[in-house]
Amino acid sequence: MENNIPTVYDPQAVEDKWYRFWEENRLFHAEAAAAGDPYSIVIPPPNVTGQLHMGHAMDNTLQDILIRFRRMQGYNTLWMPGCDHAGIATQIKVEEALAQEGKSRYDLGRDEFIERIWEWKAQYGDRIVNQLKRLGASCDWERERFTMDEGCSKAVREVFVSLHEAGLIYQGHRITNWCVRCNTALSDIEVEHEEKPGHLYHVRYPIAGSDGEYITVATTRPETILGDTAVAVHPEDARYRHLIGRFALLPVVGRQLPIIADDYVDPAFGTGAVKITPAHDPNDFEMGLRHQLPQIIVMNPDGTMSAETGKYAGMDRNVCRKALVQDLKDQGLLVKIDEHAHAVGHCQRCGTVVEPLVSKQWFVKMQPLAEPALKAVTSGQVEFVPDRFTKIYTNWMENIRDWCISRQIWWGHRIPAWYCQCGEVTVSREDLTACPHCGGPVEQDADVLDTWFSSGLWPFSTMGWPEKTPELDKYYPTSVLVTGYDIIFFWVARMMMMGLRFGQDIPFRHVFIHGLVRDSEGRKMSKSLGNGIDPLEVIDKYGADTLRFMLVTGNTPGNDMRFYWERVESSRNFANKIWNASRFMLMNLEGFDPAHRPDPALYTLADRWILSRYHRTVAEVTRNMERFELGEAARLLYEFLWNEFCDWYIELAKARLYDKENAAPRAVAQHVLHQVLAHTLELLHPFMPFITEAIWQHLPHDGISIMKARWPQENAECICPADEQAMTTVMETIKAIRNMRAEVNVPPGKKSPVILQVTDAALRPVLTDNIAYLVTLAAAESVEIIGGDAVKPENAMTAVVSGVEVYLPLKGLIDVEKETARLQKELAGLEKELARVAGKLSNESFVAKAPPEVIAKEKAKEAEYREKHAAIRERVAYLETL
RNA sequence: GGGGUUAUAGCUCAGUUGGUUAGAGCGCUUCGUUGACAUCGAAGAGGUCUGCGGUUCGAGUCCGCCUAACCCCACCA
């Protein structure tokens, strides 16, 4: 039928072709009005100017597997694609490009800078999409969305205004995390804390109006001394009680600081006295409010010291620290510097040390939103896979704090608030040109929203919300969200809150969490380490199917995996194995009529065996897919296809396939070969879409694409343990012969006679029927089957499989001593097992309490071992007489 | 300070409601160009499942504790 297929699978030759075919035939497209229960996934939107990395490759492979699986099962399947504008990340990129020209965003001005970013998006916005296509992602590209497109922007504004109307968005002067490099406020989770060795500076503050009296405070950030407005001690601290109500003199500056008492102070830490800097420390900020302390801002947004700091004004914060410490030393006020490890916050995006400082920002009040989001998970309405992430999620939700959503950057959704000179701030769905209160001119808030604000709306904004759309109706809530554990708080949690409030329902039923792809040493792949592996490189070299298979096997949900080229190669080999098994089939389908179903009576044991194994595989693979155990499903397919179908069935079928004189048996073999392989390819399709499509298209088929093939169904009637058992005996007999031949180095070309002494009468016909296999697969010259009571052959090697003693008369090749040793070793193993089983069976509690089928199994084992043992012992005894 | 993950063959990992002589890939040893595949085939070597205790007739699997590594969360200056 097909003889011109290359012996090595070449992904490059088929991938582009079939992807185009799928797209041209709109096979990824979903219609809300079409039949079928909905199954939907929204893609975690990658950064629009980003590039596909290994994490994306894994994340999207998992999604594509689920989508393709459900599509084949007949669901009305939507995979919604799109990109994220990724505020700070994208802005940094464009700023870096600008820096190449020696410019900053301020040189361009806001409008021109934003225009520049849109140009970037136009230039690179397709790249990530094209990379996802190379991976094989079956997204409905006709629906592609962008977090800053018109629809999503409308959703953002609607949500902002609604939350504001509900009193859940407010503006406030509060202490927030500030990145001096990005020049913007950050939310708490955008700050990464790293425990680092630092210093604890002990500084003397003289007591006002005293003679040489002082109080010593300890601080890790001496430059903030300039913003101190009090010194606090614990009210019960006997060392300092007499000082409460008096004043200390701020070193260098000379300002008078009240000494106050507050429970917050831990007498055991440092000196038990704390300097209070309300504008630059979250705790001090709170304490400042309690004691009505003034806030003195000593640092500018760019990290230099403010005009408030006198001679230090304009210095970088780090320079100031050194200068100030020197000044304290000079004045004899620096008592000591202790080594002190403490957590320092860094900007997630640029790594700069973050400063807590007071500024005016917009916040979302989280408690009321978190409550339903928490309940949806604790009630089981939304399930995390694996389950352990439930706890991480709920713990965060229970301790949630308000979310700072305003960013002082330019790329993003502008906050829909307008300021008027009359003092009114108006939040509006429509752009304002005049103040609704006084009619005066208004100016829109300069800030934009945190990127995650719009991402949080993704499951419903992409479906057309706030409009009522058929998509929203059909596909929301989505079926599953697939993402890494690193963005559970950033994204999953926000989608839960927003979805429940604005989508009127949970955003997804399952959250399928996967781990990170690390390098071969277990390190995170990162640009700075230069240890990243480009998925495109893997696809170029080995093909997308290979990459996908490698990414989905060998690990379990939620756990990290390491990238090894050896594993890529092993997946590649599997693809090649599939290719060649298919080649074999295609080369042997001559005269095959798929419509003709052979008489089941003509099926051989091998046929019934592989069909039984196949149907078991269907059931197990489907079960594992439904439970998100994709790696296990893939492993089962690998083992079935390679170890059973290729290693055995193809070999067992060859004789019939090659014998063109006997049409009927040949047709049966063709039928089974085709049926099992074609359907196994269907099972494999979600994992390896390209190669399975390429082969499927060569086969006789109905329908346009394997993508649209019906997912295989298990037929329990085809599962036959007796046939499996019988076939196992035949295979074990073959293996036993091969083993003995290898043991004494029989040349591969040299055939030898085989004598089988069958002790289990039921096995006699099985072996008699399958003698041909021993000839072809075990190099048997002749096979003689003798009864259990017959005289045992002499001068032969011996092996025992269940119910069959296998004798290999190898005159001249047998070294009696070696053979005895080999059998003795076998005996020792059997004795050990026999002792174990006998021990179990003689244990009264076991016999009384274990389930009957377990006991029966153990008894059967015991009988088998006994029989084998007896046979081998007899053999050893015989050898010893020689 | 809380919480979590991991510990199984030389390496990387599976082992899913507790019950087979604990598996795979890579690596290693020996052999193999017979018409699917050397990106292959055949035969092998290699593990007291981190340690201790508990539950159970039975534990790699469930429960404690120990050790080690990693991760997340947390406003002790």
Side-chain angles (χ1 to χ4, degrees), chain A residues 5 7-9 175 188-189 193 200 217-221 224 232 264-266 268-271 273-277 281-286 340 342-343 356 388-389 391-392 395-396 399 485-486 488-489 515-516 520 522 542 553-556 558-567 569-588 623-624 627 629 631-632 635 638-639 643 646-647 650-651 654 658 735 738-743 745-749 777 829-830 832-833 836-837 840 843-851 853-855 857-858 861 865:
Chain A
I5 305 171
T7 62
V8 171
Y9 172 56
I175 204 144
D188 294 335
I189 52 178
H193 292 275
L200 190 61
V217 303
T219 179
T220 54
R221 295 189 300 153
T224 63
Y264 161 76
V265 181
D266 175 5
F269 186 87
T271 61
V274 196
K275 61 190 256 343
I276 303 301
T277 321
D281 181 279
N283 299 308
D284 294 7
F285 179 80
E286 294 297 323
H340 180 66
H342 64 291
R388 73 182 122 99
F389 291 102
K391 198 169 178 182
I392 292 170
N395 183 52
W396 189 75
N399 298 293
Y485 58 70
D486 49 335
I488 291 176
F489 306 144
L516 272 40
S520 60
Y542 294 93
T553 47
N555 83 325
T556 27
N559 287 347
D560 293 351
M561 81 180 306
R562 295 188 191 195
F563 183 96
Y564 278 92
W565 284 104
E566 289 87 341
R567 294 194 47 229
E569 279 174 19
S570 134
S571 294
R572 185 268 318 265
N573 294 351
F574 180 51
N576 196 240
K577 192 72 179 176
I578 297 167
W579 184 256
N580 278 291
S582 305
R583 260 184 81 232
F584 173 82
M585 169 176 59
L586 290 166
M587 292 186 327
N588 287 285
R623 193 180 127 252
N624 279 292
R627 309 172 37 194
E629 291 283 356
E632 185 66 4
R635 207 205 91 235
Y638 180 100
E639 289 186 348
N643 302 336
C646 290
D647 286 353
I650 284 183
E651 296 306 324
K654 272 181 181 172
Y658 291 162
K735 283 193 205 168
R738 287 171 173 172
N739 179 332
M740 288 187 281
R741 289 173 57 95
E743 205 74 46
N745 297 315
V746 181
L777 301 183
L830 280 169
K832 206 176 127 197
E833 285 311 308
R836 201 180 55 79
V837 176
K840 249 186 190 178
N843 181 335
E844 277 175 37
S845 326
F846 174 75
V847 179
K849 293 183 182 174
E853 64 269 21
V854 172
I855 297 172
K857 220 170 170 180
E858 292 295 327
K861 267 194 265 176
Y865 295 153

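In what follows, chains are A, B, ... by sequence order, proteins preceding strands, each numbered from 1.
When each of A36(B), U16(B), C76(B) is scored by its nearest atom to the side-chain atoms of Tyr264(A), the top-ranked nucleotide is C76(B). With distances taken from any side-chain atom of Arg738(A) to the nucleotides A42(B), C37(B), A77(B), the minimum falls on A42(B).
Nucleotides U17(B) and G4(B) have their P atoms positioned 23 Å apart, rounded to a whole Å. Annotation: C37(B) and U48(B) have their P atoms spaced 41 Å apart (nearest Å). With P as the reference atom, G58(B) and G19(B) are 14 Å apart, rounded to whole Å. G18(B) and C63(B) are spaced 11 Å apart, taking the P atom of each and rounding to whole Å. Comparing C49(B) with G60(B), their P atoms are spaced 7 Å from each other, to the whole Å. For the P atoms, the distance from A24(B) to A9(B) is 14 Å, rounded to whole Å. Straight-line distance between the C1' atoms of G47(B) and C11(B): roughly 14 Å, to the nearest whole Å. Taking the C1' atom of each, G10(B) and G46(B) are spaced 9 Å apart, rounded to whole Å.
Remark: Glu833(A) pairs with Arg836(A) by the salt bridge (Lys or Arg N to Asp or Glu O under 4.0 Å) rule, at least two apart or across chains. Taking the side-chain hydrogen bond (donor to acceptor under 3.5 Å, both in side chains) definition, one finds that Glu639(A) meets it with Arg635(A), sequence neighbours left out. In this structure Tyr638(A) satisfies the ring pair (Phe, Tyr, Trp, His ring centres under 6.0 Å) test together with Phe574(A), Trp642(A), sequence neighbours excluded. A search for side-chain hydrogen bond (donor to acceptor under 3.5 Å, both in side chains) contacts involving Lys840(A) returns Glu858(A), not counting sequence neighbours. Listed by chain and residue number, nothing satisfies the side chain to side chain contact (heavy atoms under 4.5 Å, CB included) test with Ser570(A) (two or more places apart in sequence, or in another chain). Residues passing the salt bridge (Lys or Arg N to Asp or Glu O under 4.0 Å) test with Glu566(A), sequence neighbours excluded: none. Evaluation of the side-chain hydrogen bond (donor to acceptor under 3.5 Å, both in side chains) rule for Asp266(A) yields no partner, not counting sequence neighbours. Checked against side-chain hydrogen bond (donor to acceptor under 3.5 Å, both in side chains), Asn559(A) has the following partners two or more places apart in sequence or in another chain: Arg388(A), Thr556(A). Partners of Lys654(A) by side chain to side chain contact (heavy atoms under 4.5 Å, CB included), not counting sequence neighbours, listed by chain and number: Phe584(A), Ile650(A), Glu651(A), Tyr658(A).
In this entry the distance linking CD1 of Ile175(A) with P of A77(B) reads 15 Å, nearest Å. Put simply, CZ on Arg572(A) is 4 Å from C1' on U39(B), counting in whole angstrom units. Across the protein-nucleic acid pair, Asn580(A) atom CG and C37(B) atom C1' stand 4 Å apart, rounded to whole Å. Rounding to whole angstrom units, CD1 of residue Ile488(A) and P of C73(B) are separated by 11 Å. Distance, Tyr485(A) OH to C72(B) P: 8 Å, rounded to whole Å. Rounded to whole angstrom, the span from the CG atom of Asn395(A) across to the P atom of G3(B) amounts to 10 Å. In this structure, Asn843(A) atom CG and U56(B) atom C1' are separated by 11 Å, rounded to whole Å. Across the protein-nucleic acid pair, Ile5(A) atom CD1 and C37(B) atom C1' stand 13 Å apart, rounded to whole Å.
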Which parts of nucleotides 4-11 of chain B does protein reach within less than 4.0 Å, heavy atoms only, written one letter per nucleotide 5' to 3' as B for base, S for sugar-phosphate only and - for none? SS------
Please encode protein proximity along nucleotides 18-27 of chain B as a string of B, S and -, counting only heavy-atom distances under 4.0 Å. -BSB---SS-
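Helical stems involving RNA chain B, defined as 3 or more consecutive Watson-Crick or G-U pairs under 3.5 Å, span B:1-7 with B:67-73, B:10-13 with B:23-26, B:28-32 with B:40-44, B:51-54 with B:62-65.
Taken to the nearest 0.5 Å, the CD atom of Glu632(A) stands 5.0 Å off from the CG atom of Asn624(A). Separating the CG atom in Asn576(A) from the CZ atom in Arg583(A) is a distance of 9.0 Å, to the nearest 0.5 Å. Here the straight-line distance linking atom CZ of Phe489(A) with atom CG of Asp188(A) works out to 12.5 Å at 0.5 Å rounding.
Side-chain N/O atoms of His340(A) include none lying less than 4.0 angstrom from OP1 or OP2 on C76(B). Not one side-chain nitrogen or oxygen of Asn555(A) sits closer than 4.0 Å to the OP1 or OP2 atom of A14(B). In terms of phosphate contacts, Thr7(A) brings no side-chain nitrogen or oxygen within less than 4.0 Å of OP1 or OP2 of C37(B).
Nucleic acid contact class of Thr556(A) (heavy atoms, under 4.0 Å, all strands): sugar-phosphate only. Counting any heavy atom pair closer than 4.0 Å across all strands shown, Asp647(A) reaches sugar-phosphate atoms only and no base atom. When heavy atoms are screened at a 4.0 angstrom cut-off, His193(A) is found touching no nucleic acid atom at all. Within the 4.0 angstrom heavy-atom criterion, only backbone atoms of the sugar-phosphate kind lie near Phe489(A); the bases stay farther away.
Comparing Val847(A) and Asp560(A) along RNA chain B, the residue whose closest nucleotide (by nearest heavy atom) sits nearer the 5' end is Asp560(A). RNA chain B is contacted by both Asp188(A) and Val8(A); Val8(A) maps to the nucleotide lying nearer its 5′ end (nearest heavy atom per residue).
Using cut-offs of 30° and 60° for the angle between ring planes, the Phe563(A) and Trp565(A) rings count as perpendicular. Under the 30°/60° scheme for interplanar angles, the aromatic rings of Tyr9(A) and Trp579(A) are found to be tilted.
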